[in-house]
Each structure stands twice: as C-alpha cells, then as structure tokens.
Amino acid sequence: MRTPHVSDLTFETHAHPARRTSAERAALMENPGFGKVFTDHMVVARYSAGRGWHDARIQAREPIPLDPAAAVLHYAQEIFEGLKAYRTADGGAALFRADANARRFRQSAERMAMAPFPENAFVEAMHKLVQIDRDWIPDTPDGSLYLRPFMIANEAFLGVKPASEYLFVTIASAVGSYFKDPTGTVTVWISEHFTRAAPGGTGAAKCGGNYAASLAAQAEAARQGCEQVVFLDAAERRYIEELGGMNVFFVFADGTLQTPPLSDSILPGITRDSVITLAREAGLTVKEEPYTVDSWRADVRAGRLTEAFACGTAAVITPIGTVKGREDNFTIGDAVAGPVARRLRGMLVDLQRGTTKDSRGWFQKVF
C-alpha cells in the first residue's frame, strides 16, 4: 500500500498564453517588497476520497472558484508552507531544504485531519514552478522567489467533520527583504494578554488559524512602535515561546545559544533547525530549554545575555535590539546586530545561495 510520502502523481504543464513581457516584469521587480508581486503561473492538484490526488498541473495563475459552502470557509481546514528559490552565481536557481517543508506540510495536514500531500510530489511541484517562472527570481543580494504552497478543504457541506475534497495550490512571489533594513535590529513587544497557541492545540501545525490568532497582538505591538510580538506560554504567561511568525534564540556571554524547546504550541521552524545545526558545527553550545521573560530581562541587565535574534524563512535571521512590555523596556547591548547573529546569518545565506560547500543535501539545484 502506497504511503502518503510517495506517489506517482505527475504534473502536466500548461504555459500561460500571455506571460508578462520582460519590461513589465522588470518594472514590477524593481522594488517588489514582500508578497506583493506574483509570477505568471501556479500549481494545482485535487483530492477526492476514493480517487486520491489527481489532475496535477502547472497552469496560468488565476482566481480559484469556490463554493460558498466550502469547508475551508466555515471550519478553517487550511494549511500552508513557505520556502524560497535563490538565484545562484552561475545564473541558475536552487531551493533550500524543500524536503523538510514537504515533511512539515504532511504533518500539518495530519494534525488538521486533511489528506496528506505526497512529499515527493510536493518537492517536484516546487521544482516545476521555479523552472517555468525562473525569470521572476530577483538577481539581488536580498532577493528571492518566495513559494507559498497551501491546501484548502473545498468540499461543499455544512457539518463539522473532515472534508473529503481538497485543493493543493502553490503560488510564487518575487520578494526583497522582509524588513526594511535586513542588517538592522527590530523592536519587539511582549504580549501579556494574547497567546498564540496552547498545549494540545494547533501551534505546531502551519495553519492559517495560528496566524489569525496572532494579528490582534501584532497590531498591539505596532501601536507600541514595535515590528514584532513575543508570545508567552498560555498556561503561566511566563515562558517565551515564539514571535508572531518566527522562532527566537538567545545568546549568552559565554557563547551559549538557547531556544525554547519544541512542543505542540511552537512551530518547528526549518530555519530554527538549520541554525541549531550550523551553530553546533561551529563549536557553539546550543540548549533547547524553557526561558522566562523575567530571566530575559534580568540576564540583559546583568550582562549575562548579549544577543537575541528571531529566525524564519521570510526574514532569515533578524537581531532583536529593544524589548518593550507593560512593566518596562530594555535594550540588548547597543541595539545593533551582534557577532553571533551576523556569523550565523552569513553561514545560512551562503548555504542557501550555494556559495559554500553543502555536505547535508540542503542546497537543491533546480537548474
């Protein structure tokens, strides 16, 4: 019996009959920002109970027809991923750890009682979309092609149960830096009222509901002049879990790195895992242990903690300079990017763009 990891699903290619011209594309990519400039094509595949995954194709990007009773609109059966394709020095392109995204996508589907998408088909879909939209990959130091695979329950019914029909789609967006200054630091707001996820919930799944739950807290952070929000645990409101869309690391004066341990309320970030691996290979000690907000404040004031940074696919590694909360504010060091964050970011970016040797199979050449 075939597992959800592997399938014989094949993708037909139907090229866009009226792709945008090179001049139109260049104008859009001159200052793309993040998630606003979309390519010509998308991936689509369908699932139905009894038939499995079928009708897989690369086609022109277009609106998705959806019945008003589609389950995703009522019961939020939806998951997504985020990964990037990078321009390489030889003019080609590469993906970074797409197999890890495929595995997490499957795990998210299982948590949301959705039909798992085969991992090999997921990776193939990413390759095919990058190949057909290769001209949309920015050739700039901070540019990349951001891929957004997602799956929704599109069966039309009103009843609380797992759907029997699903739609898998991947779109692509030419992007620049997530934050305005990729070399600078961000200011974060400690949310004491809102929580992102709870034990037993969906915090470890990459589903839209987790991000919707973070938006009120993110808006609160913005009103306080902060770029990101820090979430504490739902039970005691003491332990740091993650930021609105990124994992978090703490760097101590003795060179030790610490990050909250994974749980069912923390997303298992692929960038997080990459940072842990690279840091240990560089000779640094990495601890995956709980850390309280009171300890963060005390360690900064005592000089025991010298850096903190967030990490994720969109922003890579982003140093945290200032922390704000209802009780008080504190600044980490001189509120500039520290040496450990800079070093790890450089190591990670070099691997993503293929400018350094990769012995782990993370760098995956597309063409």
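These values consider heavy atoms only, across backbone and side chains, with no hydrogens, waters or symmetry-generated copies. Just so we're clear, the structure is a prediction, and the values are computed from it rather than from any experiment.
Counting heavy atoms from C-beta on, the side chains of R103 and H5 never come closer than 4.5 Å. Taking the side chain as every heavy atom from C-beta outward, T88 and K365 approach each other to under 4.5 Å. T39 places a side-chain heavy atom less than 4.5 Å from the side chain of L145. Side chains of I132 and H14 form no contact here, defined as non-hydrogen atoms less than 4.5 Å apart. Q107 is not listed as a side-chain neighbour of R111, based on a closest heavy-atom distance of 4.5 Å or more. Taking 4.5 Å as the limit, every side-chain heavy atom of S191 sits out of range of all side-chain heavy atoms of L232. Using a 4.5 Å heavy-atom threshold, the side chains of I320 and V230 count as separate. A 4.5 Å side-chain heavy-atom check between T170 and M126 finds at least one atom pair inside the cut-off.
Aromatic ring centroids of Y146 and F34 lie under 6.0 Å apart. Side-chain rings of F80 and F105 stay apart, their centers remaining 6.0 Å or farther from each other. The aromatic ring centres of W136 and F38 sit 6.0 Å or more apart.
Taken to the nearest 0.5 Å, the CG atom of L129 stands 13.5 Å off from the CZ atom of R148. Atom CG of N247 sits about 10.5 Å away from atom CZ of F309, to the nearest 0.5 Å. Of the inter-residue distances, the one linking C311 atom SG with M246 atom CE reads 8.5 Å to the nearest 0.5 angstrom. Atom CZ of R272 and atom CD of E288 lie 4.5 Å apart (nearest 0.5 Å).
Under the 6.0 Å distance and 45° angle rule, K287 does not count as a cation-pi partner of Y291. Cation-pi geometry between R46 and F168 is not satisfied (NZ or CZ under 6.0 Å from the ring centre, within 45° of the ring normal). Annotation: cation-pi geometry not satisfied between R106 and F117 (NZ/CZ under 6.0 angstrom from ring centroid, within 45° of ring axis).
Taking all atoms of both residues into account, the shortest heavy-atom contact from P118 to W53 is CD-CD1, 3.7 Å. Contact detail for V293 and I190: the closest heavy-atom pair is CG2-CD1, 3.1 Å. For the pair P319 and A337, the tightest heavy-atom approach, listed with the atom from each and the gap, is CG-CB, 3.5 Å.
Neither side chain, T277 nor S274, offers a donor N or O lying under 3.5 Å from an acceptor on the other. Side-chain contact check for D254 and T256: at least one donor-acceptor pair (N or O, by modelled atom type) lies under 3.5 Å. Checked by atom type, the side-chain pair Y166/E155 shows no donor-acceptor distance below 3.5 Å. In this structure, a donor-acceptor pair under 3.5 Å is absent between the side chains of D233 and T195. Inspection of the Q228 and W189 side chains reveals no N or O donor paired with an N or O acceptor under 3.5 Å.
Residue D90 places its CG atom among more than 12 non-hydrogen atoms of other residues, nucleotides or ligands, all under 6.0 Å distant. For F11, the CZ atom is densely surrounded, since the number of other residues' heavy atoms within 6.0 Å is greater than 12.
Looking at D40 and R20, a side-chain N of the basic residue comes within less than 4.0 Å of a carboxylate O on the acidic one, giving a salt bridge. In summary, R360 and E281 engage in a salt bridge, as defined by a charged side-chain N under 4.0 Å from a carboxylate O. One finds a salt bridge joining D328 and R301 here, because a Lys/Arg side-chain nitrogen approaches an Asp/Glu carboxylate oxygen to under 4.0 Å. A salt bridge between D350 and K357 is absent, with no side-chain N of the basic residue lying under 4.0 Å from a carboxylate O of the acidic one. Residues E81 and R104 are paired through a salt bridge, judged by an N-O separation under 4.0 Å between the basic side chain and the carboxylate. A salt bridge between R97 and D273 is present, with a side-chain N of the basic residue lying under 4.0 Å from a carboxylate O of the acidic one.
The aromatic rings of F96 and W362 lie perpendicular to each other, with more than 60° between the two planes, well past the 30° mark.
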List the steps and the verdict of side-chain hydrogen bond (donor to acceptor under 3.5 Å, both in side chains) for Y211 and K206. CA-CA 9 Å; Y211 294 80; K206 200 166 178 67; 2.7 Å; yes

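With sequence neighbours excluded, no residue forms a ring-ring contact (aromatic ring centres under 6.0 Å, His included) with F150.
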